[in-house]
Amino acid sequence: MTILAIDLGTTNSACAIWRDGDAIYIPNKLGDLLTPSVVGIDARGEVLVGRAAKERLITNPADTVAVFKRLMGTSHKVVIANRTFNAVELSSLVIKSLKEDAEAFLGCPVEQAVISVPAYFNDNQRFATKKAGELAGLRVDRLINEPTAAAMAYGLHEKKEGVFVVVDLGGGTLDVTVLEFFEGVMQVHASAGDNFLGGEDFVDAMVDAALKLAGCDRSGLSPTELHQLHIKMETAKRRISGAAQEITFTGAGQSHSISVDSDWFVRVVTPLLVRLQRPIGNALRDAGISPSEIDEVVLVGGATKMAAVRSAVAKLFRRLPACTIDPDFAVVKGGAVQAGLATKDAALEDLVLTDVCPFTLGINSLDGDKGEYLEVFSPIIERNATVPVSRVKRFYTVADNQTEIKISVYQGEHRQPSKNVFLGSMDIAVPNNRAMEESVDVRFSYDMNGILDVDVTVVSSGRKYNKVIKNSPASLSEEEFKKSLARLQKLKFHPRESEKNRALLARGERLYEMSLGENRERIGQIISGFEAVLNRQNEVDIAKAQKEFEQRLEEYDLEEWL
Ligand code: ADP
Ligand code: MG
């Protein structure tokens, strides 16, 4: 029995198995160990997952979707290529693709998986993750917290006891987790983070700084020019060193050149490095520990490969973090360790923090003025508040003669209420009056058992309303599950062998869009040439053409660089 360990990331996903005392990372059909968590549908209505889809994010934005992990546990729907998907379905497509890669690599069917989730994921999000695995045809007996997995990858669970801090900086999120291992149980003591800080922000900062130096702004560049600059900065970010890299780009009808070295980089990203401080401080404070009490600091996530990030973290903890395991694979490796233990019935217990509320609770409210209002999420109890907790906030009527205030309760971190988890609603009658003259006090009390008590008091009349919300997962019903399954089964998947060709064609199309003049024409020609060979359907010819096509694209990508 093989249990597949899956790291289902916001930006990238990976899978691995445990064999002969070690984790084996599984390459995807393109030979990469990381699969971008991107899903697309091509012109033929066939599903693309991973690099081929990622290449199309700019060229075919309406047919491609990324960062849907943020939507897990919500009922938010995404439309791509005129088809509707929820986050569970999109995630299941990524998992299905990983499962197939594993089956091709191992040469046998894979039926079971351990999937990692952020420590702060709530019941709904955990449930959604399990369902995504099941939709992909896997039995998911266990989820594992990402920081716990990272700690296990370092073998920290083999020590007798200890306090560990995991700093995970991914593509778009920072998660800081304080873990304690004691008597065979890994417990999450505190988790803090920044939902909008990750490796992508470093690239954005570089792009903005370059534009500023060149005296233009984003609006002065075409989408293609901007994308091109973005790719160059992404590559430069991975190569930052004392030696300068010359980056050229076009914008506002002119060609610009800037020199990028580590001094420039640190100056540009310092505001982002500063933002590491608060979540780290909060996590330590919530857990009630000082840096000297920590046994090990572990770095996880692709963005911690940046030397500037490592040294910022080292300074904050006043010690060198552990980074001997490639931060891209720490989570999936730990998942494989857990899978290995599970086959021996010795799986580690992994407990989520119990004394903090891991998500934000609030209501919908209207933001704006002069009759133009936008519905926004208004937090009442913020993520990571120590429970039990009780907080109150006042809300006012927005219209003259308004006689009712509808209060909808949500859980989540998104500014748009609809992207959060809906928990329930109440209709509150208020006396007829002018706008802003009537108000209600909304009190949320949240306890250890996940019960949210909502008390609403109409300020002018003193009238009280109450509703108790049990935080049980608004579970996907069996019927909904079957519907999803039926829908996904109707999707077309192209044969594995052609995946590489799809990725190459998508790359060619991106290059075509990026370049101009003669280059563009030539790229167009080699794309057509390659397509013609594909149409002939002769395996030997295709293999040869594929190699040549890739080489040519390589040259053009390089040329774009210089
Ligand atoms: P997630 O957990 O969100 O799926 P990852 O851990 O895969 O994300 O991290 C992705 C981020 O890591 C991206 O922003 C990427 O640019 C960054 N990254 C990956 N490798 C490097 C590197 N060598 N140097 C700097 N940043 C990197
Ligand atoms: Mg990750």
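Read the numbers this way: they start at 1 and go in the same order the structure lists the ligands and their atoms. We number each residue from 1, following the sequence as shown.
Salt bridge present: R510 and E55 bring a charged side-chain N and a carboxylate O closer than 4.0 Å. Between D141 and R139, at least one side-chain N (NZ, or NE/NH1/NH2) sits under 4.0 Å from a carboxylate O, which counts as a salt bridge.
E509 and T59 form no side-chain donor-acceptor contact under 3.5 Å, judged by distance and modelled atom types alone.
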Got a list of side-chain donor-acceptor pairs under 3.5 Å for residues 320-337, not counting sequence neighbours?
{"unit_1": "D326", "atom_1": "OD1", "unit_2": "D328", "atom_2": "N", "d": "2.9"}
{"unit_1": "D328", "atom_1": "OD2", "unit_2": "K305", "atom_2": "NZ", "d": "2.5"}

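Considering only residues two or more places apart in sequence or on other chains, F164 meets the ring pair (Phe, Tyr, Trp, His ring centres under 6.0 Å) condition with none of them. The ring pair (Phe, Tyr, Trp, His ring centres under 6.0 Å) search around F202 returns none, not counting sequence neighbours.
At a 4.0 Å heavy-atom cut-off, the residues surrounding ligand 1 are G9, T10, T11, N12, G170, G171, G199, E200, E234, K237, R238, G301, G302, A303, K305, M306, listed by chain and number.
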